[in-house]
Amino acid sequence: MVFSPTIGAANRWNRFSLRGDATLQRYMYDNAETSTGASINNKDRDRSQYTVSLRGGYEIVPEYEAFVRIAYNTVDYSSAVDDNGFNRDSNGYEAVAGTRIDLSGVTYGDVFAGYRRQIYDDDRLRTVNGPTFGGSITWNVTSLTTAKGSIVRTVEESTLS
């Protein structure tokens with residue numbers, strides 16, 4: 001089960017915009033059973049991920065906004081160590097620059113590129129760092145219906161070797 005509330009605020013002053021967000025993602029797993037009846041412990045995968053981000057933008061010309069976004073995250077596993085003896089807690093950040101393009105007043109898209117770093121508490125787990133990039137598109141089909149799509153390079157957590 002995943003529980004994922006987000007809170008944020010945004011404002012625009014003429015050509016400038018600013019947005020702040022805070023997100024909690026809580027992952028909770030149930031143990032599983034093999035075909036022979038043996039139990040598989042999945043509780044060591046339970047974790048909370050906290051992310052805060054700040055995005056500032058400037059409308060260069062109508063329908064084209066340049067932006068920068070910084071985000072910081074903390075991943076906190078419920079178990080101090082997993083079944084393999086690793087402490088998988090980590091902290092990381094992402095800094096990107098990009099462009100938002102308003103295609104029609106009801107459809108807009110973002111493209112961005114930048115740098116990402118995730119540092120694990122256990123020295124046996126190597127730091128993940130390097131370029132990050134992505135894009136998204138939002139189509140407001142009606143005043144009640146919105147369709148979204150995105151492609152993003154991310155760091156995904158795992159307890160597998």
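The shown structure was predicted, so the numbers you read here are calculated from the model rather than taken from an experiment.
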Q: Given side chain to side chain contact (heavy atoms under 4.5 Å, CB included), test Y120 with V128 step by step and report yes or no.
A: CA-CA 9 Å; Y120 291 89; V128 177; 4.1 Å; yes
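- Considering only heavy atoms from C-beta on, I137 stays 4.5 Å or farther from Y108 through its side chain.
- Between F16 and Y58, the ring center distance clears the sub-6.0 Å criterion.
- Put simply, the side chain of N31 gets close to the backbone of N42: a donor and an acceptor are under 3.5 Å apart.
- Counted by atom type alone, T154 and E156 present one or more donor-acceptor pairs between their side chains at under 3.5 Å.
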Q: Mind running side chain to side chain contact (heavy atoms under 4.5 Å, CB included) on V96 and T132 for me, showing each step along the way?
A: CA-CA 8 Å; V96 301; T132 188; 3.7 Å; yes
Q: Start with the C-alpha distance between D110 and T138, add both sets of side-chain angles, then the distance that settles side chain to side chain contact (heavy atoms under 4.5 Å, CB included), and finish with yes or no.
A: CA-CA 9 Å; D110 291 352; T138 301; over 6 Å; no
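- Cluster membership check: L103 shares its hydrophobic cluster with V61, using side-chain heavy-atom separations under 4.5 Å among Ile, Leu, Val, Met, Phe, Trp and Tyr.
- With 3.5 Å as the limit, one finds no donor-acceptor pair spanning the side chains of T99 and E65.
- Here the closest non-hydrogen pair linking R153 and G130 is NH1-C, 4.2 Å.
- If you chain together hydrophobic residues whose side chains sit under 4.5 Å apart, V152 and V111 never meet in one group.
- For the pair N87 (side chain) and D89 (backbone), a donor-acceptor distance under 3.5 Å is present.
- A distance of 7.0 Å separates CG of N41 from OG of S79, quoted to the nearest 0.5 Å.
- In this structure, D46 CG and M1 CE are separated by 10.0 Å, a value rounded to the nearest 0.5 Å.
- Partner S78 forms a side-chain hydrogen bond (donor to acceptor under 3.5 Å, both in side chains) with one of K43, R26, R45, R47 and no other, that one being R26.
- Here R69 pairs with E94 in a salt bridge; the nearest charged N to carboxylate O distance falls below 4.0 Å.
- Placement of I7 and V52 in two distinct hydrophobic clusters is found when ILVMFWY residues are connected by side-chain heavy-atom separations under 4.5 Å, directly or transitively.
- S136 and S150 form no side-chain donor-acceptor contact under 3.5 Å, judged by distance and modelled atom types alone.
- If you chain together hydrophobic residues whose side chains sit under 4.5 Å apart, Y77 and V81 never meet in one group.
- Within the 3.5 Å criterion, the main-chain N or O of E59 finds a donor-acceptor partner in the side chain of R15.
- The shortest distance between side-chain heavy atoms of L24 and Q49 does not fall below 4.5 Å.
- With rounding to the nearest 0.5 angstrom, the OH atom of Y93 is 11.5 Å from the CG atom of N73.
- Annotation: side chain of Y27 is not in contact with side chain of F3 (no heavy-atom distance under 4.5 Å).
- Counting heavy atoms from C-beta outward, P5 and T23 have side chains that stay 4.5 Å or more apart.
- Side-chain atoms of N91 and I119, non-hydrogen and from C-beta on, never get closer than 4.5 Å to each other.
- A salt bridge is defined here as a Lys NZ or Arg NE, NH1 or NH2 lying under 4.0 Å from an Asp or Glu carboxylate O, and D76 with R88 fails to meet this definition.
- Cluster annotation: M28 is connected to Y50 through the hydrophobic network of ILVMFWY side chains, with a link wherever side-chain heavy atoms come within less than 4.5 Å.
- A heavy-atom distance below 4.5 Å is not found between the side chains of N140 and T107.
- Considering CG of L18 and CG of N11, their distance stands at 8.0 Å, rounded to 0.5 Å.
- Heavy-atom minimum distance, D122 versus G85: OD2-O, 4.0 Å.
- More than 12 heavy atoms of other shown residues, nucleotides or ligands fall within 6.0 angstrom of atom CZ in R124.
- Atom-to-atom distance recorded for D30:CG and I40:CD1 is 12.5 Å, nearest 0.5 angstrom.
- Judged purely by distance below 3.5 Å, without hydrogens or angles, the side chains of S39 and E33 never pair a donor atom with an acceptor atom.
- Taking OH from Y72 and OG from S53, the interatomic distance works out to 14.0 Å, rounded to the nearest 0.5 Å.
- Between D102 and R100, no side-chain nitrogen of the basic residue sits less than 4.0 Å from a carboxylate oxygen of the acidic one, so the salt-bridge criterion is not met.
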